[in-house]
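Take a look at the structure set out below.
Keep in mind that what you see is a predicted model, and the values were worked out from it rather than measured. In what follows, chains are A, B, ... by sequence order, proteins preceding strands, each numbered from 1.
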2 protein chains.
Amino acid sequence: MPRAADTAAQDSDFTPRQAAVLTCALSLLVEGGEKGLTTAGLARAANCSKESLYKWFGDRDGLLEAVVTFQASKVRPLGASESALDAAGYRRRLVTFAHELLSVLAGDVSLALNRLAIGQASRPESPLGRLLVERGKHSVTARGRALLSAGRRQRHLEFDDATAAYSTFYGLVVRDVHLRLLLGDALEPGEDDFAAQAEAAVSQFCRLYGSQRSVETLSTS
Amino acid sequence: MPRAADTAAQDSDFTPRQAAVLTCALSLLVEGGEKGLTTAGLARAANCSKESLYKWFGDRDGLLEAVVTFQASKVRPLGASESALDAAGYRRRLVTFAHELLSVLAGDVSLALNRLAIGQASRPESPLGRLLVERGKHSVTARGRALLSAGRRQRHLEFDDATAAYSTFYGLVVRDVHLRLLLGDALEPGEDDFAAQAEAAVSQFCRLYGSQRSVETLSTS
DNA sequence: TACATAACGAACCGTACGGTACGGTTCGCC
DNA sequence: GGCGAACCGTACCGTACGGTTCGTTATGTA
């Protein structure tokens, strides 16, 4: 009985059949949460046998892990092109990033997977939360830090610690929106206008971190 | 105020015995998450019979609901005294509030209950998340908004929308710390120094919202 | 055509949990 | 003292789910 964790982690590329099954598992997870994803239910919905599920993923934990890995493998792209921009152009880049961040966090699958990982947090032996953070969140964070560092290099921003600066950026953009969505709370009218929220957050961020040269251009919308 | 007294009395509707059982349920919930709270387990741990549980709380959902309202009823206090302060004193009040906010969110029972509510979010018919938000989060939010409004009245702060201002305050203070704690992630060294984090966040907040008169005093730590 | 590999589908098992029923015990009240 | 309500402890039932086994059905290869 090979450890499902190993096989799933090593070959992150699944066969087309497995990918279809995992996609189906994701949709089951979106509606119904963790309780909505049962082995029998997945087998029925995906027209496969439970035997295959256990052969491919080892056990239920392996299946959950594979779902997370599978989803993370789809969100790989977007290696932010590092071109020099003037202050206004750089500001637009920040706004775009903030907008994307909000959109991703508010997405159905993101919410479902985060709920799943949080539900497993009490079980320290199955590090699903860690996995989710490392494969999903860290890549976004890295992109954000790189974007801010590029801004510093081009003298649009001023800060010492890129990590701290990105943390502030994240806080200004996301606030408690992510948590409330996770709780099933509906957004107030206006809060769901992610473009406007991103604009406002970037304005605030630039008032805190904009360089003297650029702060006027950066902070005004 | 008859209304408030009425609801407050109804909230603490539990007999001492029931309160003891609910306290026990909370500790079961802290270790083991939702899976750790079973009717049989609670009956055994609290030395009561399952029959009594079902008599008092109806069913398991009723029990969960009772746990949430019970915990919320304990977090009632702290009706922020509304005294006029100079800029430095007001700033200290903000820092204290931010520190308390972080401490509460990082507490064991808060994390356990938030995880519970998030886990139930996929089931729209049992509005546990709503309940948690309304009884716990809203009271904190209301206190925060009142604190900011007091600051505006005393000309320490300047803003139009108190709700938006508090949202920014929350974002600067909490960032992604709450979510990462919910995911079971450990805080980086330095991040667990809530006093320092609160100081830094308040400095940033005052740079954004401090009045011209007070911004110098408010923003320097 | 004969054989092998893989997967399907259905039946099955053990367990854990929500919910119920029942006998025995304690405690307050008349 | 006697009565009834509340409660405890336990045994029990039905169900749902994770995991296993097995007979059958392709599909591909020599």
* Asked: Would you call B/Glu100 and B/Arg143 a salt bridge, using N to O less than 4.0 angstrom?
  -> yes
* **Between P of C/dA6 and CG of A/Leu53, the distance in whole Å** => 17 Å
* Asked: Is any side-chain heavy atom of A/Leu26 less than 4.5 Å from a side-chain heavy atom of A/Phe70?
  -> yes
* Please report, rounded to the nearest Å, how far the P atom of C/dG19 is from the CZ atom of B/Phe57. => 14 Å
* Electrostatic pair B/Lys137:A/Asp185 at N-O distance under 4.0 angstrom -> no
* Structure fact -> Rounded to whole Å, CG of B/Leu42 lies from P of C/dC17 at a distance of 13 Å
* Assess whether one donor atom and one acceptor atom, taken from the side chain of B/Lys50 and the base of C/dG19, lie less than 3.5 Å apart. => yes
* Parallel, tilted or perpendicular: rings of B/Phe169 and B/Phe97 (30°, 60°) -> tilted
* **Salt bridge present between B/Glu65 and B/Arg135 (N-O < 4.0 angstrom)** => no
* State whether B/Ser49 places a side-chain N or O below 4.0 Å from either non-bridging phosphate oxygen (OP1 or OP2) of D/dC7. => no
* Whole-Å distance between C/dG18 C1' and B/Leu37 CG? -> 12 Å
* Asked: For A/Lys35 and D/dT15, what is the distance between atoms NZ and C1' respectively, to the nearest whole Å?
  -> 13 Å
* Where the side chain of B/Arg60 is concerned, which of D/dG9, C/dG19, D/dC22 is the nearest nucleotide? -> C/dG19
* **Residue B/Tyr54, side-chain heavy atoms: nucleotide from C/dG18, D/dT20, C/dA21 that is nearest** => C/dG18
* Can you tell me if the side-chain N/O atoms of A/Ser52 get under 4.0 Å from OP1 or OP2 in C/dC8? -> yes
* Indicate whether OP1 or OP2 belonging to C/dC8 is found under 4.0 Å from a side-chain N or O atom of A/Arg44. => no
* Asked: To the nearest Å, how far apart are A/Asn47 CG and C/dA10 P?
  -> 11 Å
* Name the closest nucleotide to the B/Thr38 side chain, picking from C/dA21, D/dG18, C/dG18. => C/dG18
* Asked: Tell me: CG of B/Leu28 to C1' of C/dC17, nearest whole Å?
  -> 15 Å
* Asked: Any side-chain N or O of B/Trp56 less than 4.0 Å from the OP1 or OP2 oxygen of D/dA6?
  -> no
* Measure from the side chain of A/Lys55, starting at C-beta and using heavy atoms only, and say which of C/dC22, D/dA6, C/dA7 lies closest. => C/dA7
* Structure fact -> Side-chain contact check for B/Thr39: nearest option of C/dG18, D/dG19, D/dG9 is C/dG18
